[in-house]
Amino acid sequence: MGRHAWGWGLEERALPLDEVRPRVEPFFGERAERQGAPPRLPAPRVEVPAAVQAFASAADDARAAHAMGKAYPDRVRGFRGDFSTAPDVVVTPRSEAEVVRALECAAVEGLSVTPFGGGSSVVRGVEPVAGPGHRGAMTLDLSGLGQVREVDAVSRLARIDGGAFGPSLEQQLGAHGLTLRHFPQSFEFSTLGGWLATRAGGHFATGPTRIDELVHAVRVVTPNGSFETKSFPASGAGVDPNRLVLGSEGVFGVITEAWMRVRPKPTFRESASVHFDDYRAAVDAVRALSQSGLQPSNCRLLDPAEALVNGVTFDGGAVLVLGFESATHSMRAGMGEALKLTAQFRGRCEPGPQVLDGTQARGDDAGQSWRRSFLQGPYLQDALIRLGLVADTFETACTWSRFDALYAGVTGALTEGLQRVCGGGVVTCRFTHVYPDGPAPYFTFIGPTREGEELTQWAELKRLASDAVTAHGGTITHHHAVGRTHRPWYEREVPAPFRAALVAAKRALDPRGLLNPGVLVDVEG
């Protein structure tokens, strides 16, 4: 199966428009299909350097596949055939030595370097950009480095290549009865190195699910030499060097491998969906769950609009998709305590939980409806573009005490903005992760577009959303990263002395500014 030229995932899995129309036409009326255009690429500005010729390509298909990520504007430009951001050369190293050679070659030839894992960035984090003084742009595709190199079953650690894609990584670990237990929505089309570079959040709502909590040690190749962090379960020896790499978004170096904390695969699972007539009561129930110590693996709260749009329920209420899992013992007691707690907030789980003590779980109907919608989400965005709708998501995190104001402020600003910019629209919210001190709300907005004005409309809505999030005490991103899209708000969020420290680190590790110009911080080349 082939990767989609401009859209998400595999072309063979694209959603038929006849399946999508019934989901959106009740909100937006009859939708005609818009026609895309074939890819248009500029000619390469440079020839493939001899030093990397054995593992490089300047073919149009290779360059087009690395021209952009998967943000809404990327997909719209791709749909229109605009691949003007294509790199001049794509290198696919097969060893760390070839990564080193590629960076040395870029320095000599005056090329920027964009590390590229699965290309699933939604914040313009993998778009090849030639910075000041660069003659062209090189994309460094890490997919040639995709192995689980070593497993320490005693310590529950695995040494894994940075270019390992989610399914391959899990398959290789599964041969040892282990799992990383990190499943972002982009799991199938993203890599370990990308997860580390963007501080990714996994699917699980509580417990050690963020990649920050799973990394043990890393190895990085920078333009100024390579380094690896020491292998300790914990250390109090000064500032943790792993933290410089996590969230660095390819601006300091290339993550070639990492030791990761793994665990036995779970075999005991329980799932349930809890319905609430009152959304405020549902939020209180989830807060109580997050502070209870029960640690559910899934704790996704869908607001009434999210539940309706995804076909989970049609009664105007909110739905909590709840799950527990373990590799060692039944989770019936944990689920029972969770349902007792939610009942205190008038939550109903009328069918009762679905229990499976085995290798695969099947939830109740509402849980399964949500799971299908979750996996189809990125494919649905492609279909909505073809139907002339702007559809995008953004996420944040805030303290529980700030959530009511943030939710009202964000949904209010976007509802007004959609009316003004698109003539109307829909705003929905779900919790992707919950912590004892606050939730991670994930918003979706959908509205009609005027053909040829999609990017202008999106930019205004994205600005409104980002301003509202930060004005009400939320972070600009919980797990989508900063890239170029969020950089203006990121620079307001982090302290100025810390930004200066990052610039100094950039100068030390990448003095010529080769890596990912425009992302996080810059130095002049």
Side-chain angles (χ1 to χ4, degrees), residues 93-100 103 115 117-118 140 142-166 168-184 187 190-202 204 207-264 479 481 501-502 505-506 508-510 515-516 520:
R94 299 153 297 187
S95 66
E96 185 176 293
E98 290 186 343
V99 174
V100 173
L103 293 183
L140 187 65
L142 275 297
S143 62
L145 302 173
Q147 299 301 307
V148 173
R149 299 286 176 179
E150 189 176 350
V151 172
D152 178 352
V154 173
S155 307
R156 290 189 180 174
L157 298 170
R159 182 166 65 92
I160 308 170
D161 284 345
F165 281 81
S168 174
L169 181 157
E170 283 294 324
Q171 182 180 29
Q172 293 178 71
L173 289 176
H176 300 270
L178 299 170
T179 176
L180 183 60
R181 194 184 180 265
H182 185 78
F183 301 103
F187 170 77
S190 56
T191 64
L192 175 63
W195 302 341
L196 294 168
T198 59
R199 295 182 67 196
F204 295 98
T209 179
R210 294 185 60 84
I211 206 69
D212 311 48
E213 303 162 287
L214 304 177
V215 66
H216 180 79
V218 295
R219 182 166 176 81
V220 181
V221 175
T222 84
N224 206 21
S226 303
F227 70 87
E228 58 184 272
T229 61
K230 297 294 185 181
S231 180
F232 303 122
S235 173
V239 178
D240 183 359
N242 288 317
R243 302 296 155 180
L244 181 65
V245 178
L246 288 167
S248 58
E249 301 195 24
V251 304
F252 296 144
V254 180
I255 302 168
T256 55
E257 63 179 50
W259 279 99
M260 303 299 297
R261 296 180 171 99
V262 294
R263 66 185 66 194
H479 59 263
L502 288 183
K506 174 76 167 174
L509 298 172
D510 182 19
L515 289 165
N516 242 7
L520 281 187

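A quick note: this is a predicted structure, and the numbers were derived from the prediction, not measured.
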Trace of the side chain to side chain contact (heavy atoms under 4.5 Å, CB included) decision for Leu142 with Ile255: CA-CA 9 Å; Leu142 275 297; Ile255 302 168; over 6 Å; no
OG-CG distance between Ser143 and Asp161, expressed to the nearest 0.5 angstrom: 11.0 Å
Side-chain donor/acceptor of Ser190 to backbone N/O of Gly118, under 3.5 Å: no
Residue pair Gly163 / Thr191: nearest heavy atoms and the distance that separates them: O-CG2, 3.6 Å
Side chain Asn516, main chain Glu249, donor-acceptor under 3.5 Å: yes
Considering all heavy atoms, the nearest Leu502-Phe252 contact: O-CE2, 3.8 Å
Taking every non-hydrogen atom, the tightest pair across Val254 and Pro115: CG2-CG, 4.2 Å
Arg199 backbone acceptor or donor facing Arg210 side chain under 3.5 Å: yes
Candidate pair Leu214 and Trp195, rule side chain to side chain contact (heavy atoms under 4.5 Å, CB included), full reasoning: CA-CA 11 Å; Leu214 304 177; Trp195 302 341; over 6 Å; no
Asp510 side chain to Pro223 backbone, donor-acceptor under 3.5 Å: no
His479 versus Gly201, closest heavy-atom pair with distance: CB-N, 3.5 Å
Pair Ser168-Gln172, side-chain donor/acceptor within less than 3.5 Å: yes
Chi angles and distances behind the side chain to side chain contact (heavy atoms under 4.5 Å, CB included) call for Val151, Val262: CA-CA 9 Å; Val151 172; Val262 294; 5.7 Å; no
OG1-NZ distance between Thr222 and Lys506, expressed to the nearest 0.5 angstrom: 10.0 Å
Nearest heavy-atom neighbours spanning Leu244 and Ala505: CD1-CB, 4.3 Å
Results of side chain to side chain donor-acceptor pair (under 3.5 Å) for Thr256 - residues two or more places apart only: Glu96
Donor-acceptor contact present, side-chain Arg261 to main-chain Pro233, <3.5 Å: yes
Rounded distance [0.5 Å steps], OG1 in Thr229 versus CG in Asp240: 7.5 Å
Reported CG-to-CG distance for the pair Leu103 and Leu140, which is rounded to 0.5 angstrom: 6.5 Å
CD/Gln171: more than 12 non-hydrogen atoms of other groups inside 6.0 Å: no
Closest heavy-atom pair and its distance - Pro264, Thr179: O-CG2, 3.9 Å
Any donor-acceptor N/O pair, Ser248 side chain to Val251 backbone, under 3.5 Å: no
Asn242 CG to Glu228 CD distance, which is reported to the nearest 0.5 Å: 11.0 Å
Matching residue for Glu170 among Leu178, Val148, Leu180 - test: side chain to side chain contact (heavy atoms under 4.5 Å, CB included): Leu180
Positive for side chain to side chain contact (heavy atoms under 4.5 Å, CB included) with Met260, one of Leu157, Leu192, Leu173: Leu192
From CA spacing to verdict: side chain to side chain contact (heavy atoms under 4.5 Å, CB included), Leu509, Val220: CA-CA 11 Å; Leu509 298 172; Val220 181; over 6 Å; no
Atom pair CZ/CZ of Arg159 and Arg219 - distance to nearest 0.5 Å: 9.5 Å
Residues that Arg263 engages under side chain to side chain donor-acceptor pair (under 3.5 Å), provided they are two or more places apart: none
